[in-house]
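Order of the sequence lines sets the chain letters (A, B, ...), proteins ahead of strands, with each chain counted from 1. Model, not experiment: these values are computed from the prediction.
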Amino acid sequence: MKEFVLGGARSGKSAFAQRRALESGLQVIYFATAEVGDAEMAERIARHRAERPAEWGLVEEPLDLAGALRRYAAPTHCLLVDCLTLWLCNLLAAGEDRLHAETTALLTTLADLPGQVLLVSNEVGQGIVPDNPLARQFRDEAGRLHQAVASRCDRVIFVVAGLPLTLKDHVA
Amino acid sequence: MKEFVLGGARSGKSAFAQRRALESGLQVIYFATAEVGDAEMAERIARHRAERPAEWGLVEEPLDLAGALRRYAAPTHCLLVDCLTLWLCNLLAAGEDRLHAETTALLTTLADLPGQVLLVSNEVGQGIVPDNPLARQFRDEAGRLHQAVASRCDRVIFVVAGLPLTLKDHVA
Amino acid sequence: MKEFVLGGARSGKSAFAQRRALESGLQVIYFATAEVGDAEMAERIARHRAERPAEWGLVEEPLDLAGALRRYAAPTHCLLVDCLTLWLCNLLAAGEDRLHAETTALLTTLADLPGQVLLVSNEVGQGIVPDNPLARQFRDEAGRLHQAVASRCDRVIFVVAGLPLTLKDHVA
């Protein structure tokens, strides 16, 4: 089962996905995509880590997400990726070719993974058009990725103020 | 039947509205409100055009949208406007008087149009308050217009990650 | 009964909350959190005031919201707070200690208030990550506050284009 959890900043999307992972009853492996860029990011990463159960596996992978997921996927595993937006940031910094290759690899890989997969991402496209061309490109890439991921998942949840809104449910 | 399709950047709102237009079985006339301002916009317009069926009519109207809709409306036509946000941008550039006159004209006209009408627009009010006063004004005008259009439509759909969320449905 | 009304800029959230207040049949007391900072804000405040019924009570409280709510709460009153986001702005300007103390006080107080309470706030976390560190902090604090308030309310409504979307309803 593949589930996509989308939400704004501090919407409670990570906590929601973590509850889902616990409910799965499977061995949870957490895929962190963030790179420690500065003190603010380091602090966010440390806070997120402290909130997660100690028995969860941890894989840090900023770029080759498809490869990392394939290595750890198993019928007894729940793979939790948090989050796609930071991964996309890393890919944009790595260049358009890498971006295209890795997003294509993720979308292809998703269909074949055994076990449960939870993907978390940030909604960034509902504010004013950014002045910055790179921010506009990021926003466009994020929107395209979200559509593609949502179409390949069985369930899509939009989290607002900690509350889930079901956008798609082909499981029930 | 009037339907309003709202969504963030690259949310899949245009594709959703285009599917609705195809499902109508009517002759589709596409109203483009974008003006070719720079290379980035020209590229977006060209990409959108390539994604549309060749047999659709095309009307380019950056300002007098109400007049254009009245000219083409017919019981056998499905008028698809994409999008109101760019039209609002053009009106803001044309001045407050024009903005007020044209938005009033659109809202008045909507009630009387025969056939099907699909209006697409961009949600821009769910990010941080912009520093730029013009961006704040645009955000306010867009929010007001969306409320007014939504209240005059039979159906309002909010698109997130390519998935429709029904906000209003007086058709079913 | 506690109800939380969340929405983007000019989404119609205030008008929605005001309709709810009228429907309560109780004596409405309106809590304004805005401070008249500049001409633009003064104009917004005046416009909001003109839209409210003259018989409503008005309490202006930029910081000690919990105290103000406790003073006016009664089984025959409907307390309408518009909005939490401006209150949060004032608290950020007053410093982290005050911010922490006042938000904790509000969350503790909420559980015990008699009568009806309506809280309005602005969704600000669904746009691109802001460049400005203070804007990022504000966005994070707003998100955290919204989650905490939503978890303590009986009903949570997300307003888009003037239309309510129910995120939580423990009343019906």
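Ranked by heavy-atom pairs under 4.5 Å with chain B, the first of C:Ala9, C:Gly125, C:Ala15 is C:Ala9. With respect to chain C, the highest number of heavy-atom pairs below 4.5 Å among B:Leu145, B:Val149, B:Leu6, B:Asp140 belongs to B:Asp140. Of the listed residues C:Leu165, C:Leu163, C:Val124, the one with more heavy-atom pairs under 4.5 angstrom with chain B than any other is C:Val124.
Exactly one of C:Leu118, C:Thr33, C:Val120, C:Val59 qualifies for a side-chain contact (heavy atoms from CB on, under 4.5 Å) with C:Val81. That residue is C:Thr33.
Under a cut-off of 6.0 angstrom, the local environment of CG in C:Asp131 is sparse, with at most 12 non-hydrogen atoms contributed by other residues, nucleotides or ligands.
Of the charged side-chain nitrogens involved, none lies within less than 4.0 Å of a carboxylate oxygen, so that B:Asp154 and B:Lys2 do not count as a salt-bridged pair.
Taking the side chain as every heavy atom from C-beta outward, C:Trp87 and C:Phe31 never approach each other to under 4.5 Å.
C:Glu23 and C:Gln116 are not linked by any side-chain donor-acceptor pair at a separation below 3.5 angstrom, with hydrogens and angles left out of the test.
For B:Ile128, the parts lying near chain C are the backbone and the side chain together; criterion is any non-hydrogen pair under 4.5 Å. Looking at B:Glu141, neither its backbone nor its side chain comes within 4.5 Å of chain C, counting heavy atoms on both sides.
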